Structures are given as structure tokens and as C-alpha cells.
Amino acid sequence: METKKNYGKNRRDDSFLQNNKRKNKNDISIRNSRRRSDKSHHTKQETEADEQEFSKRQSRNNRFLKDKPFVKRSAKPSSKDDTPHKKHPKGLESDILREIVYRRKSEGRHSERKSKILSLSWNEEHDPIRLNKYIANSGICSRREADNLILAGAITVNGKIVTELGTKVLPTDEVRYGDKILQREKPVYILLNKPKNFITTTDDEFDRDNVMKLIEGACKERVYPVGRLDRNTTGLLLFTNDGELTKKLTHPQFEVKKIYQVELDKNMSISDFEALKNGIELYDGFIKPDELEFVNGQKNILGICLHSGKNRIVRRMFGYFGYEVEKLDRTYYAGLTKKDLPRGQYRFLTQMEINSLKMI
């Protein structure tokens, strides 16, 4: 009776055992094949067929282990892009990196990429900045070296020695390294052949044509004209942000040489020529040209060389004798000439020219 009752159960158990035997045989064969493949791999005698089978099996395992969980963890598509997920990039070393790259490609950046700073920003131009950065911007050394100069007491701000790191300075402060005035930006030197009808100013309330429009876009640094040329005067005009050089070129003590070509409304008499050559007394003091010559024998065109920087001095010198200056052109300034520089054009000074100016 027990045999009959348990007949069906025993039959089911037998079939279960048979199935298990088959699975075990398959597992044993798979293990044996893997051992053979591993053994052949270690002995470097694996065949091409085994390599292909192994790579296929490995790729299936990787796809199951990595791609499956990754799809489940992926973020919901945004309302802007309801398209299905694209194939994930291959060759990434970790799931985290795969997810980051995929999300950036599918959703895009949440914030704009910061642009590279090419020049001083508005805040840096108007707000205080750290002293070591100020020194580094002047081009004499790096920030780390600037810190050493500060600690050594070699830097003065508005005449006072500063030794505290982290000190901030304003654009209006005078920063010196020894006797040298430091600029906030890298020094720039531009030479312009000024045309007529342009005023020498950086800003004009009447919105007239000024010389700054002629060099617009020449450099990112803020430069300003050295000295002045009146509206009807043409010729050489220097622009720079080098305060120390500007002080030298404009101070009477350094006697910077300037040559003008003057065209008068009428011929100049010999007596007036000799009187002017010997010097005259104007309302603001005695003035005498360094050199005075007629150009090509023409009595109404003269070349005059002087070092005075007084306002409208050339026109006033000839006006003293009753002559009106119709054309005035500055052809030479502190060793610089108009060679290969057309009217209305500008150029940057060469390093040799800069060194020559600094030797004044």
C-alpha cells in the first residue's frame, strides 16, 4: 500500500534526479571546458574558436551585470528630450563615470562654462585687489616672488612700507618697488601718426572725435596719450599705461627732444628768424628753440626742434612775430620717427625703442 501511495511521488523524485543529473553533467562539461580554456590560456595555446567563445560569453556577462543595473538607475528623460536612451559609451572604467558622461550628454550642462579670463574684469579694474597680484600684473615677477618682496619690505604703497601679506590696494594707489612705480597691468606702448581734426583726450563731453577712437581695439590694457597735440596738429603721439615713463617724457627736467615741421601763412623774414633763433620772452617765461632751419630753402616752411612741453608753444612762438601757423606736424618725438607709419595709423614700439625710452 505504501508503495502504491508513494508511487507518484517516487516517480516525480526520479525525474527530478534525472534532470539534476543532466544539469550536473552540463555543468561539469562547462567547468571542464572552462578549465581547459583557462589552462590553454595560461599556457598560451588557446585556439581562435575558444577565444571567440570566451569573449562572447564575457561580453554577455558584462552587459548583464553593468548595462542592466545602469538602465534601472538612469534618470527620467526631461520634458525637452523624450527620446529613448541611446547606446551607452564603451570603454569607461566604472558605472559612476558612465552615468556622469551619459547624463551630461543627454541633459546638457546646468550652468554655463566659465570663460577664460583674458584681461582684467570690471571688478579688478575698479575694486581693490591683493598687493601680490598687483605686483605680478605689472610684469616684474610672479605672485610667489611678490610675496617675498612684500615680506622683505621692498614694496611701498603711497609712500609707506607694506610687509603684511594679503594687503589690498586700489587703482589710485601708488605702488613702488624701490624707485620704480608699478602699473596694475602689463606695460603697453603704442605710437600713432595723428591726423587732423582729432582732439587729444580720453573722454569728451561733446562726443567729438578723439585720438582714443584711432587706437580702439589695439590692446586689452587701458592706455592714455602722453602729452597733448591740439586738434589741428598732426604727427607722432605716444600712448602707454607706463606711469613712470609718462612722468619722464612730460617733465621739463628730462628735456625730451621734439621736432616739428611748421608751415606759415607767409614767408618769414630773416630778422624775425634770427630773433626767434636767439629766444624770445613770452608771458609764461623765456623760450628758445634748440634748432631752427628753413626746409628746402622755403621761407614759409621751417623745422623747429625744442624740448619745452608748454601748451601750444610752437604756435605762440611764431604768433609772437605775427605769423599764423597753417600746418603743424610733429615728425620726431623722444627718438621715435614717422618712418613707415602712414597718417592715421598706429604701431607697437619695438623692445629696442622701449629700452631707449627708459634710458631717458
Side-chain angles (χ1 to χ4, degrees), residues 118-121 124-126 129 133-141 169-195 198-204 209-231 233-260 306-311 329-360:
L118 299 178
S119 61
L120 293 176
S121 63
E124 289 179 322
E125 290 178 355
H126 298 82
I129 63 171
K133 185 175 182 180
Y134 187 105
I135 298 169
N137 287 343
S138 68
I140 65 169
C141 63
V169 293
L170 292 167
T172 54
D173 292 333
E174 183 185 82
V175 181
R176 286 179 175 265
Y177 171 47
D179 295 332
K180 183 178 181 181
I181 300 176
L182 302 183
Q183 280 72 47
R184 194 163 181 164
E185 299 174 320
K186 183 180 179 181
V188 178
Y189 308 89
I190 299 175
L191 185 64
L192 170 71
N193 188 352
K194 177 188 173 298
F198 281 84
I199 60 174
T200 307
T201 181
T202 56
D203 190 19
D204 181 45
D209 289 335
N210 60 64
V211 292
M212 301 305 297
K213 294 180 180 180
L214 297 172
I215 62 166
E216 189 174 6
C219 61
K220 61 185 179 182
E221 291 82 6
R222 295 180 302 165
V223 296
Y224 45 84
V226 179
R228 299 178 67 88
L229 290 178
D230 61 43
R231 183 169 187 165
T233 302
T234 61
L236 297 177
L237 183 63
L238 182 64
F239 295 81
T240 185
N241 56 355
D242 190 336
E244 185 177 10
L245 179 63
T246 300
K247 190 173 182 179
K248 281 186 177 181
L249 295 177
T250 54
H251 199 283
Q253 173 187 350
F254 298 97
E255 299 185 351
V256 176
K257 185 178 179 181
K258 298 176 279 287
I259 297 177
Y260 297 86
L306 68 166
H307 59 267
S308 174
K310 294 180 180 179
N311 187 34
D329 185 37
R330 185 154 71 180
T331 60
Y332 180 96
Y333 180 71
L336 306 172
T337 66
K338 294 168 54 177
K339 184 180 180 181
D340 300 328
L341 187 60
R343 187 67 52 83
Q345 301 297 314
Y346 65 86
R347 67 173 177 85
F348 290 90
L349 297 189
T350 64
Q351 189 59 49
M352 186 178 295
E353 290 172 329
I354 296 171
N355 294 339
S356 178
L357 289 176
K358 290 185 175 182
M359 291 175 64
I360 295 175

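For this chain, numbers begin at 1 and follow the sequence in order. Every value quoted in this text rests on a predicted model; they were computed, and no experiment measured them.
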Would you say [X] has more than 12 foreign heavy atoms packed within less than 6.0 Å of its [atom1]?
X      : atom1 : answer
Lys247 : NZ    : no
Tyr177 : OH    : no
Asn355 : CG    : yes
Lys213 : NZ    : yes

Grab the two heavy atoms, one from Lys248 and one from Lys358, that are nearest each other, plus how far apart they are.
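The answer is NZ-O, 3.3 Å.
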
How close do His307 and Lys258 get, counting heavy atoms only, and between which atoms?
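Heavy atoms of His307 and Lys258 come nearest at O-NZ, 3.5 Å.
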
[X] side chain to [Y] backbone, donor-acceptor under 3.5 Å:
X      : Y      : value
Thr200 : Leu229 : yes
Lys194 : Arg231 : yes
Asn241 : Val188 : yes
Arg343 : Pro195 : no

Measuring from [X]:[atom1] to [Y]:[atom2], what's the distance to the nearest 0.5 Å?
X      : Y      : atom1 : atom2 : result
Ile360 : Leu249 : CD1   : CG    : 5.0 Å
Thr234 : Tyr260 : OG1   : OH    : 10.5 Å
Leu191 : Phe348 : CG    : CZ    : 11.5 Å
Gln345 : Leu192 : CD    : CG    : 8.5 Å
Lys257 : Ile259 : NZ    : CD1   : 4.5 Å
Thr337 : Tyr332 : OG1   : OH    : 8.5 Å

Before giving the answer on side chain to side chain contact (heavy atoms under 4.5 Å, CB included), spell out for Phe239 and Met212 the whole-Å C-alpha distance, their side-chain angles and the decisive distance to 0.1 Å.
CA-CA 9 Å; Phe239 295 81; Met212 301 305 297; 3.7 Å; yes

Evaluate the criterion side chain to side chain contact (heavy atoms under 4.5 Å, CB included) for residue pair Asp242 and Ile354; output intermediate values, then yes/no.
CA-CA 11 Å; Asp242 190 336; Ile354 296 171; over 6 Å; no

Do Leu357 and Leu238 have side chains that approach each other closer than 4.5 Å (heavy atoms only, starting at C-beta)?
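The answer is yes; the side chains approach within 4.5 Å.
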
Do Asp173 and Tyr134 have side chains that approach each other closer than 4.5 Å (heavy atoms only, starting at C-beta)?
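They are not in contact (no side-chain heavy atoms under 4.5 Å apart), so the answer is no.
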
What residues form a salt bridge (charged side-chain N to carboxylate O under 4.0 Å, His left out) with Glu174, not counting sequence neighbours?
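Residues passing salt bridge (charged side-chain N to carboxylate O under 4.0 Å, His left out) with Glu174: Arg176.
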
Tell me every residue that passes salt bridge (charged side-chain N to carboxylate O under 4.0 Å, His left out) with Lys338, counting only those two or more places apart in sequence or in another chain.
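Lys338: salt bridge (charged side-chain N to carboxylate O under 4.0 Å, His left out) contacts with Asp329.
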
Would Leu237 and Tyr333 count as a side chain to side chain contact (heavy atoms under 4.5 Å, CB included) here? Give the steps.
CA-CA 8 Å; Leu237 183 63; Tyr333 180 71; over 6 Å; no

